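All remarks here apply to the structure that follows.
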Amino acid sequence: MTKVLKHADIFTGTEEIKDGYIRFSEKIEDVGPMAQFVARGKTRRLLILRASSLFLVLLMFTAMVVIALMRWMEMLTKSMRW
């Protein structure tokens, strides 16, 4: 099932694409600016995210990972006491 993320700021590692799109399923199939976007018949789901909502998702994910790691380290240090 192919999905499309539209109107996103994309950092490819070699370039930055403002207002671009990513078409993906198991792997990334296509990346480019919205001016070059062409709809295909196999696209099942269309994801439209603004940079602010994507930033909030990444921020929440990072915070949850940090909290989980801190709890794991605390549990590990308590279990290692003799």
Side-chain angles (χ1 to χ4, degrees):
M1 177 164 71
T2 302
K3 299 174 186 164
V4 178
L5 174 64
K6 291 176 61 175
H7 300 290
D9 293 338
I10 303 164
F11 302 94
T12 64
T14 57
E15 66 178 318
E16 177 182 356
I17 301 171
K18 295 281 188 184
D19 193 35
Y21 73 95
I22 303 173
R23 187 185 318 271
F24 61 97
S25 56
E26 294 294 320
K27 295 181 181 179
I28 295 176
E29 298 173 3
D30 197 16
V31 176
M34 283 304 298
Q36 296 176 357
F37 177 73
V38 177
R40 293 186 186 163
K42 293 185 177 182
T43 301
R44 302 278 182 178
R45 183 180 290 170
L46 185 64
L47 305 173
I48 300 174
L49 297 176
R50 298 285 177 220
S52 59
S53 61
L54 186 58
F55 176 74
L56 290 175
V57 169
L58 292 174
L59 184 66
M60 288 174 45
F61 174 75
T62 304
M64 291 183 344
V65 167
V66 170
I67 291 170
L69 283 174
M70 289 173 58
R71 288 183 180 172
W72 177 77
M73 289 172 49
E74 179 184 0
M75 184 178 64
L76 185 64
T77 57
K78 286 182 179 178
S79 66
M80 296 293 282
R81 291 183 187 161
W82 292 93

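Keep in mind that what you see is a predicted model, and the values were worked out from it rather than measured.
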Shared hydrophobic cluster for Val65 and Ile67 (ILVMFWY, side-chain gaps under 4.5 Å):
no
Check the hydrophobic clustering (I, L, V, M, F, W, Y; side-chain heavy atoms under 4.5 Å; chains of links allowed) and say if Met73 and Leu76 are grouped together.
yes
Using a cut-off of 6.0 Å, state whether more than 12 heavy atoms not belonging to Leu69 lie near its atom CG.
yes
Quick one: pull up CE in Met34 and NZ in Lys18 and give me the separation to the nearest 0.5 Å.
15.5 Å
Is there a side-chain contact between Asp30 and Tyr21, using heavy atoms and a 4.5 Å cut-off?
yes
Exactly one candidate in Asp19, Ile17, Ile10 meets side chain to side chain contact (heavy atoms under 4.5 Å, CB included) with Pro33; the answer is Ile17
